[in-house]
Amino acid sequence: MPGFLSFRETPGYLRVMTYVDHPVDVLIVDGQGTAHPRGFGIACHIGVLLNWPTIGVGKSRLFGRHETPAPNAGQWVPLWHPRTGVVIGAVLTTRPRTRPVYVSPGHRVSLDRAVAIVLDCCDGYRLPEPQRQADQWVRQVRSRVPGAGPLVPDEGNRGG
DNA sequence: GCGACAG
DNA sequence: ATCTTGTCGC
């Protein structure tokens with residue numbers, strides 16, 4: 001259900017975090033933060049539950065209106081709430097001539113700092129390195145596990 | 001009623 | 001999210 005992604009994927013994130021045994025400054029979450037119909041996407045959800053700084057980086061748009069950002073790395077335009085006009089995130093070009101990513105505060109991080117951090121984490125690719133490697137790793141593992149797919153509570157993990 | 005819809 | 005052929009630009 002659009003807008004309720006966090007209820008499906010947050011359990012997985014929390015479980016993975018129990019295995020992390022090194023310092024974490026801030027978490028980059030694959031999805032929206034405040035750029036959400038109710039102002040509370042999965043990045044906010046996880047940040048509050050862990051009481052830890054989080055940034056939401058969506059690979060596509062869920063909510064909000066915006067102009068097209070210049071196709072140069074580092075350029076961004078505000079993502080506005082369609083009715084109130086409040087800025088809820090940033091549409092950021094992280095790699096030249098590549099579609100932008102949707103950055104928004106998750107928890108305890110301002111939008112400006114979120115954009116700066118995401119840019120600092122980008123190393124020539126569209127996604128910030130932590131997210132890029134996680135995406136790549138998961139994709140590869142899934143391709144080697146029969147029947148693996150996204151986590152769906154109702155149907156169990158099915159080996160995924 | 002129609003279009004939109006994170007992963 | 002996943003899959004697949006073809007194409008574009010660096």
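Within every chain, numbering begins at 1; the chains are lettered A, B, ... in the order of the sequence lines, protein sequences first and strands thereafter. Computed over heavy atoms, backbone and side chain alike; hydrogens, waters and symmetry mates excluded.
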Side chains of residues 105-120 of chain A: which donor-acceptor partners sit under 3.5 Å, not counting sequence neighbours?
unit_1   : atom_1 : unit_2   : atom_2 : d
A/Arg108 : NH1    : A/Asn51  : O      : 2.7
A/Arg108 : NH1    : A/Asn51  : OD1    : 3.0
A/Ser110 : OG     : A/Arg113 : N      : 3.2

Measure across [X] and [Y] and return the closest heavy-atom pair with its distance rounded to 0.1 Å.
| X | Y | result |
| --- | --- | --- |
| A/Glu129 | A/Asp123 | OE1-CB, 4.2 Å |
| A/Cys122 | A/Leu127 | SG-C, 4.1 Å |
| A/Thr34 | A/Ser104 | N-OG, 3.4 Å |
| A/Tyr13 | A/Ile42 | CE1-CD1, 4.0 Å |

Requested in this report: Assess the side chains of A/Arg144 and A/Gln140: does a donor N or O sit below 3.5 Å from an acceptor N or O?
Outcome: no
Please enumerate all residues that pass side-chain hydrogen bond (donor to acceptor under 3.5 Å, both in side chains) together with [X], with sequence neighbours excluded.
| X | result |
| --- | --- |
| A/Arg61 | none |
| A/Ser6 | A/His45 |
| A/Asp135 | A/Arg139 |

Report task. Whenever both distances are under 3.5 Å in a Watson-Crick or G-U wobble pair, mark it; put DNA chain B into dot-bracket that way, with [ ] for crossing pairs and | when the partner is on another strand. Result -> .......
Query raised in the report: For DNA chain C, what string of dots and brackets results from 5' to 3' when Watson-Crick and G-U pairs need both distances under 3.5 Å, crossing pairs get [ ], and pairs with another strand get |?
Result: ..........
**Report entry** Outermost DNA chain C nucleotides near chain A [under 4.0 Å, heavy atoms]
**Finding:** C/dA1 to C/dC10
Query - Pairs involving residues 25-49 of chain A, ordered by first then second residue, that meet salt bridge (Lys or Arg N to Asp or Glu O under 4.0 Å) (sequence neighbours left out) - result: A/Asp30-A/Lys59
Query raised in the report: Are A/Leu14 and A/Leu50 close enough, and set up right, to give a side-chain contact (heavy atoms from CB on, under 4.5 Å), and what steps lead you there?
Result: CA-CA 8 Å; A/Leu14 299 183; A/Leu50 295 176; 3.6 Å; yes
Report task. Report the hydrophobic cluster partners of A/Tyr125, with the cluster defined as I, L, V, M, F, W, Y residues connected by side-chain heavy atoms closer than 4.5 angstrom, directly or transitively. Result -> none
Query raised in the report: For residues 72-93 of chain A, which residue pairs qualify under ring-ring contact (aromatic ring centres under 6.0 Å, His included), counting only residues two or more places apart or in two chains?
Result: A/Phe63-A/His81
Report task. Residues of residues 80-105 of chain A with any non-hydrogen atom less than 4.0 angstrom from an atom of DNA chain B: list those, numerically ordered, please. Result -> none
Report task. Might you work through the side-chain contact (heavy atoms from CB on, under 4.5 Å) test for A/Val103 and A/Ile55, ending with a clear yes or no? Result -> CA-CA 7 Å; A/Val103 180; A/Ile55 294 173; 4.1 Å; yes
Query raised in the report: Is A/Leu92 close to A/Gln75 at the side-chain level, that is, under 4.5 Å between some pair of heavy atoms?
Result: no
List every contact pair, protein side and nucleotides 1-6 of chain B side both N or O, where the distance is under 3.5 Å.
unit_1 : atom_1 : unit_2  : atom_2 : d
B/dA4  : O3'    : A/Arg61 : NH2    : 3.4
B/dC5  : OP1    : A/Arg61 : NH2    : 2.6
B/dA6  : O3'    : A/Ser60 : OG     : 3.4
B/dA6  : N7     : A/Gly3  : N      : 3.4
B/dA6  : N6     : A/Gly3  : O      : 2.9
B/dA6  : N6     : A/Phe4  : N      : 3.4
B/dA6  : N6     : A/Leu5  : N      : 3.2
B/dA6  : N6     : A/His36 : NE2    : 3.4
B/dA6  : N1     : A/Ile42 : N      : 3.2
B/dA6  : N3     : A/Gln32 : N      : 3.1

